[in-house]
Structure formats: structure tokens, C-alpha cells
J.: 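I'd like to ask you about the structure that follows.
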There are 2 protein chains.
Amino acid sequence: MAKKTTSSPKHRNIPEPTIARLPRYLRSFAEFAHNQHTVISSKELAGASGINPAQVRKDLAYFGQFGQRGIGYDVKTLDSKMREILGLHKAWRIALVGCGNLGMALLQYGGFAKAGFRIEAAFDVDPSKVGWELEGVRIWATPAIRQVVREKKIEIAIIAVPASQAQRVADDLVDAGVRAIVNFAPCVLTVPKSVLVRGVDLASELEHLTYFLEKSNRTEK
Amino acid sequence: MAKKTTSSPKHRNIPEPTIARLPRYLRSFAEFAHNQHTVISSKELAGASGINPAQVRKDLAYFGQFGQRGIGYDVKTLDSKMREILGLHKAWRIALVGCGNLGMALLQYGGFAKAGFRIEAAFDVDPSKVGWELEGVRIWATPAIRQVVREKKIEIAIIAVPASQAQRVADDLVDAGVRAIVNFAPCVLTVPKSVLVRGVDLASELEHLTYFLEKSNRTEK
DNA sequence: TTCTGTGAATTTATTCACAGCA
DNA sequence: TGCTGTGAATAAATTCACAGAA
């Protein structure tokens with residue numbers, strides 16, 4: 001029986017939850033490497049990321065056979081493989097739209113740089129901010145999005161503007177050729193399905209918690 | 001046949017993904033109410049939040065029968081019910097630990113206030129920041145966490161310190177009686193299971209996107 | 001008729017449990 | 001022996017499809 005064409009180690013497609021866990025594994029590798037571990041078992045990795053060991057093994061096995069039976073996984077190899085899988089071997093070109101409090105924080109936030117991401121251009125509607133340079137990043141006027149994003153070949157955009165303006169900004173970004181968006185505005189964006197969107201709603205994280213706190217208050221009574 | 005004891009409209013417990021969607025519905029209600037809609041159907045709500053209509057109905061039905069067959073849901077009623085379910089009818093006492101770039105942004109971030117959350121106290125290790133007041137919120141020294149959190153009866157904490165310090169901060173918070181934590185540090189926190197933790201890793205959102213971008217680059221070739 | 005509420009069917013994800021290799 | 005890789009079993013979430021109320 002002929003095998004189906006397969007470009008990746010596993011031809012079936014990877015479950016979303018698995019992809020969402022990869023960055024967590026990556027953090028764990030850094031931690032283990034820092035503590036001079038050269039090898040980790042699925043059990044250790046599971047412990048460090050609060051996940052079932054079988055789940056860890058299955059997640060990793062989607063991408064190839066990285067482990068050694070009886071031994072475990074080589075931390076360095078796994079770290080390198082995982083970076084490759086997540087596409088972190090190249091420097092992605094990122095833009096930030098909205099330099100309010102949140103935008104400013106994201107611009108200065110060390111976590112992006114540490115993970116290897118660099119913001120190439122920032123945008124804001126406020127004329128008093130335009131022209132400034134912060135953390136080596138020039139702030140442009142929002143109407144310049146189409147031109148600048150296209151010129152700089154920006155691939156990923158972070159939206160940190162009020163919800164009322166988010167869709168318009170997204171339209172411009174898409175028009176300028178952006179391929180993915182992280183949206184911090186609390187609204188759903190409509191974009192062509194070739195463009196990827198991930199929404200991050202900070203307030204909803206708190207609401208998720210208050211749901212459980214409220215529930216435990218109720219059942220306690 | 002005797003009915004099983006049931007405190008909530010539905011006695012089975014609510015799926016996690018359902019809870020995660022509730023805040024999204026809440027945003028939609030606000031939007032529909034703003035556009036003078038008094039009634040919405042599951043289809044409209046689904047369209048606005050990018051979810052299957054049957055899913056919307058099932059989600060809402062976990063909490064009671066809020067709709068009218070043939071008509072739809074009353075926006076105001078649903079909004080109010082949803083706020084009650086999420087525990088948003090009371091003002092939760094929140095603390096912020098870490099007033100670096102991200103912490104400062106969260107302190108000033110309008111989204112929390114808009115959702116009805118208010119930060120009562122902030123903490124930082126930097127002595128030059130201690131004593132300042134920002135957005136009406138006093139910044140305390142980090143070692144004061146135990147005392148201030150206890151005195152102010154803080155229930156929820158937001159951690160925005162470097163990963164290396166996050167666990168220590170979490171220990172202090174737990175010790176001071178905090179019941180839930182939103183953790184922005186890219187690490188897993190160990191806390192008693194009575195304490196709720198939600199991790200938000202901003203870099204991992206980007207990594208999630210680069211995974212798909214990288215993959216589409218590969219398959220395009 | 002329209003649209004909700006919900007069992008049943010389906011799809012998807014997690015966990016188990018063990019064969020196979022170092 | 002110890003630990004991976006993975007089919008099989010289980011659990012969970014989503015979607016279908018339709019009965020029932022306005």
C-alpha cells in the first residue's frame with residue numbers, strides 16, 4: 001500500500017494545544033540548561049511545565065524522534081530543534097501599532113528581545129509622539145502604516161490601539177502585506193483567512209480568575 | 001424520581017473552554033448594546049465572536065435558560081447575568097508586583113478599569129520608585145508585600161517581575177492570603193492548589209504565530 | 001415560522017499501558 | 001533496568017439535528 005506524501009516527520013497535522021505548549025517547553029529547556037542538565041526525561045520536563053509525561057512525549061514525537069530510550073532527551077538538541085520548529089532561527093520583522101501605555105510597555109518589554117524578537121517600527125496617531133525614537137525604534141504616524149510596513153517588509157504586527165480603531169488598523173496592516181497579528185484590543189478582527197490573528201485580552205484573564213473565585217465563594221456558603 | 005441536589009442551574013461542571021469564552025461574549029454584549037440592539041440570536045453572537053452558534057447556545061445554557069425560543073436573548077439580561085457569573089458585580093482587590101515597563105503599563109492600562117478592575121497597591125524593588133503614586137496607586141517596597149497585602153485584604157495579584165524573582169514573590173503573596181495570581185513572568189509557579197494561577201506569556205504568543213508562518217513557508221516551497 | 005435548549009453523534013485531545021531499544 | 005515512542009482506551013469538547021416554545 002503506497003504511503004501518503006509526507007513532508008514532515010509526521011504527516012498528520014499537529015493539534016493546536018500541542019503547538020501552544022511548545023513555547024512552555026522552550027522555557028523549560030533554558031531553565032534546565034542553566035542548571036547544567038544535559039539530558040532531561042519526559043517526566044522532568046512534565047514536572048517543570050505542569051503537564052502529563054505521556055503528553056510531553058506525544059507532543060515532542062509529532063516532530064520527530066528526538067529522545068533516546070532508556071536515557072531521555074538531550075537538552076541542547078531539543079532546544080535547537082524546538083527553535084527550528086517554532087521558526088525562531090530567523091529574525092522576524094515586527095511592527096507595533098499604538099504607543100499608549102500598553103504599546104510603550106511592549107516596546108520596552110525585555111521579554112520579546114530575550115525571545116529573539118525585535119520591533120522594527122512603531123506607529124501612533126498622537127502627533128506629539130511621531131518622530132520620536134524609543135529603544136532605537138522610530139515612531140511613525142499611523143497613516144504611514146501602509147508605506148512603512150511595505151517598505152520594511154514587516155511580517156508580524158502587534159496591535160495595541162483602542163478597540164474602536166483596531167479593525168481599521170488591521171485593514172491597513174493586511175493591505176500592506178502583514179501575515180500575522182497579535183491583537184491586544186478587546187475585539188474580534190476580521191481579516192482574510194491567509195492572515196493569522198491571535199487575540200490577547202488582559203482583562204479577560206482577570207475575569208477568568210474572578211469566575212472561579214466567585215464560584216468558590218458561592219459553594220463555600 | 002428524585003432530582004439530584006443542584007446549587008447551580010446545571011449540576012455538571014462547566015468545561016474550561018466555555019469559561020474562557022465568557023469574557024468574549026461579554027465584549028459582544030457591550031458592542032451590541034452600543035448599537036441599540038435589545039435582542040441577539042446565538043447566530044449573531046456567534047458571528048461577532050467567531051464561534052459556532054450551537055456552541056454559543058450550549059455555553060449559555062450551562063448557566064440557565066436565558067433565551068426565548070423563536071426570539072433570541074435579551075442583551076441587557078444576558079450582560080447582567082454574565083457579569084454575575086464572572087463575579088464582576090463586586091470590586092475585587094488587586095495588587096501589582098513589579099513596576100518595570102510592563103508593570104507600569106498594566107498600572108495605567110485603561111482596559112482593567114474599563115472592565116471594572118482597580119489596582120489597590122503596587123510593589124517594586126527599586127527604592128527610587130518606592131513611595132511614588134501613579135494613577136492614584138501607591139508604590140510600596142517589595143518586602144512590604146506580606147504586610148500591605150494582608151492589611152488591604154488583596155485577593156488577586158498580578159506578577160510582572162523577572163522570571164527569576166517570580167516564585168519568591170508568589171510565595172509571599174500566597175503567604176499574605178492572595179487567592180489568585182495572573183503571572184506575566186515566563187515561568188511556572190508552584191503554589192498551593194487552593195490558589196489559582198493564570199500565566200500570560202507575551203513572547204509565546206509571537207512564537208505561536210511564527211510556528212505557523214514558518215510552516216507555511218515550508219509547505220510553500 | 002424562528003430560534004432556543006439539548007441529547008446524540010462526531011471530532012479532538014489526553015492518558016494509559018506496553019513494546020522496543022539503549 | 002529506565003525511558004522513549006506510540007497504538008488503544010478514555011475523556012472532553014464541538015457540532016449536528018431536532019423537539020419544543022413563542
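In what follows, chains carry the letters A, B, and so on, assigned in the order in which the sequence lines appear, proteins first and then strands, with residues in each chain numbered from 1. We use all heavy atoms of the structure for the numbers below, so side chains are in, but hydrogens, waters and symmetry mates are not.
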J.: Does either side chain, that of N35(B) or that of E31(B), offer a donor lying less than 3.5 Å from an acceptor on the other one?
T.: no

J.: R21(A) side chain N/O closer than 4.0 Å to the phosphate oxygens (OP1, OP2) of dT14(C)?
T.: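 Yes, because at least one side-chain N or O of R21(A) sits under 4.0 Å from OP1 or OP2 of dT14(C).
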
J.: Could you check which of dA13(D), dG20(C), dG5(C) has an atom nearest any side-chain atom of R69(A)?
T.: dG20(C)

J.: Does the side chain of N52(B) get closer than 4.0 angstrom to OP1 or OP2 of dC16(D) through an N or O atom?
T.: yes

J.: Can you measure K43(A) atom NZ to dG2(D) atom P for me and round it to whole angstrom units?
T.: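 Atom-to-atom, K43(A) to dG2(D), this comes out as 10 Å.
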
J.: Between dA13(D), dT14(C), dC3(D), which one does the side chain of P17(A) approach most closely?
T.: dT14(C)

J.: Nearest-nucleotide wise, let me know which of P15(A) and G67(B) is further upstream toward the 5' end of DNA chain C.
T.: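 With G67(B) and P15(A) compared, the 5'-side residue is G67(B).
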
J.: Please report, rounded to the nearest Å, how far the P atom of dT12(C) is from the CD1 atom of I14(A).
T.: 14 Å

J.: For a quick check, tell me whether the side chain of K58(B) and the base of dG7(C) share a donor-acceptor pair closer than 3.5 Å.
T.: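 Counting by modelled atom types and ignoring angles, a donor-acceptor contact under 3.5 Å is found here.
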
J.: What integer distance in Å separates Q65(B):CD from dT6(C):C1'?
T.: 9 Å

J.: OP1 or OP2 of dG2(D) less than 4.0 angstrom from a side-chain nitrogen or oxygen of Y73(A), does that happen here?
T.: no

J.: Does F123(B) offer a backbone N or O that forms a donor-acceptor pair with the side chain of T142(B) under 3.5 Å?
T.: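 Not confirmed, T142(B) side chain does not pair with F123(B) backbone.
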
J.: Considering only heavy atoms from C-beta outward, does the side chain of R118(A) approach that of I94(A) to under 4.5 Å?
T.: no

J.: I need the CD-P distance between Q55(A) and dT6(D), as an integer number of Å.
T.: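 Checked: the CD to P distance equals 15 Å.
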
J.: Without decimals, in angstroms, what is the distance between I71(B) CD1 and dT2(C) P?
T.: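 Distance, rounded to whole Å: 12 Å.
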
J.: Examine dG5(C): is either OP1 or OP2 under 4.0 Å from a nitrogen or oxygen in the side chain of Q68(B)? Give yes or no.
T.: no

J.: Using the side-chain heavy atoms of E16(B), tell me which of these nucleotides is nearest: dT6(C), dA13(D), dG5(D).
T.: dA13(D)

J.: Once you round it to whole Å, what is the distance between P of dT6(D) and CZ of F66(A)?
T.: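 Going from F66(A) (CZ) to dT6(D) (P), I get 11 Å.
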
J.: Which residue lies toward the 5' end of DNA chain C, G70(B) or A54(B), if each is placed at its nearest nucleotide?
T.: G70(B)

J.: Could you state the OH-C1' distance from Y62(B) to dA12(D), rounded to the nearest angstrom?
T.: 9 Å

J.: Write down the distance between CG (D59(B)) and P (dT14(D)), rounded to a whole number of angstrom.
T.: 7 Å

J.: Touch check for S42(B), heavy atoms < 4.0 angstrom, all strands: base, sugar-phosphate only, or nothing?
T.: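 The answer is sugar-phosphate, as S42(B) gets under 4.0 Å only of primed atoms, P, OP1 or OP2.
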
J.: Do the side-chain N or O atoms of N13(B) get closer than 4.0 angstrom to the phosphate oxygens (OP1, OP2) of dA12(D)?
T.: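 No, because none of the side-chain N or O atoms of N13(B) sits under 4.0 Å from OP1 or OP2 of dA12(D).
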
J.: Report the relative orientation of the aromatic rings in F212(A) and H208(A); use parallel for angles under 30°, tilted for 30 to 60°, perpendicular for over 60°.
T.: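 Judged by the thresholds at 30° and 60°, the geometry between F212(A) and H208(A) is tilted.
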
J.: Answer with yes or no whether the side chains of S49(B) and R27(B) bring together a donor and an acceptor at under 3.5 Å.
T.: no

